Amino acid sequence: MTDEQLAEMHRFLAEFHRRLAREAALDVVQQYHSDLAQRLADEAALIPRRTAIAERLHEREQQIKDDGE
């Protein structure tokens, strides 16, 4: 799964939970879905950044390994 696909899935789930929040009859259920939607949207925004960080760490570890040999 690509970063773009993963981010899109998070955005889709965020919108789904926003819709559930709008349809919820109980305040506690509405708040739960609103909070979850926000967390999913935030996560979608962070996916590319986290991937770039992981790639840099992997490259650094590979370089350290190569320098040690």
Side-chain angles (χ1 to χ4, degrees):
M1 180 175 278
T2 66
D3 288 349
E4 292 81 18
Q5 291 171 324
L6 188 58
E8 182 58 33
M9 182 181 67
H10 278 76
R11 285 189 289 272
F12 171 79
L13 289 171
E15 187 53 40
F16 174 75
H17 282 281
R18 284 187 188 104
R19 189 175 70 244
L20 289 176
R22 285 190 299 271
E23 297 170 358
L26 297 174
D27 288 343
V28 68
V29 175
Q30 181 182 19
Q31 189 62 47
Y32 168 78
H33 287 293
S34 293
D35 290 346
L36 185 53
Q38 187 60 51
R39 285 194 302 264
L40 287 164
D42 292 345
E43 188 69 25
L46 292 173
I47 289 170
R49 181 173 179 255
R50 289 180 177 163
T51 299
I53 290 169
E55 288 173 355
R56 285 194 308 270
L57 287 172
H58 178 71
E59 289 170 4
R60 187 177 304 149
E61 288 177 356
Q62 188 64 40
Q63 186 174 3
I64 290 170
K65 181 181 175 186
D66 292 345
D67 290 347
E69 292 179 351

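Quick caveat, the model's predicted, so the values are computed rather than measured.
Rounding to the nearest 0.5 Å gives a distance of 10.0 Å between CZ of Arg22 and CD of Gln30. The CD1 atom of Ile47 sits 10.5 Å away from atom CD of Glu8, with the distance rounded to the nearest 0.5 Å. Rounded to the nearest 0.5 angstrom, Leu46 CG and Thr51 OG1 are separated by 10.5 Å. To the nearest 0.5 Å, atom CG of residue Asp66 and atom CD of residue Glu59 are 11.5 Å apart.
Among all heavy-atom pairs drawn from Asp3 and Pro48, the shortest one is OD2-CA, 4.4 Å. Ala7 and Ala44 get closest at one heavy-atom pair: O-CB, 3.6 Å. The two residues Ala24 and Val29 make their nearest non-hydrogen contact at CB-CG1, 3.7 Å.
Relative ring orientation between His33 and His17 is described as parallel, the plane-to-plane angle staying below 30° on a 0-90° scale split at 30° and 60°.
Leu40 and Phe16 end up in different hydrophobic clusters when Ile, Leu, Val, Met, Phe, Trp and Tyr side chains are linked at under 4.5 Å. In the hydrophobic clustering of ILVMFWY residues, with side-chain heavy atoms under 4.5 Å counting as a link, Met1 and Leu13 come out together.
Side-chain contact between Arg18 and Glu15: present, with at least one pair of heavy atoms (C-beta onward) separated by less than 4.5 Å.
With a 6.0 Å radius and a threshold of 12 heavy atoms from other residues, nucleotides or ligands, Gln62 has its CD atom above the threshold.
Screening Gln38, Arg50, Arg11, His10 for a side chain to side chain donor-acceptor pair (under 3.5 Å) with Glu43, the sole residue that qualifies is Arg50.
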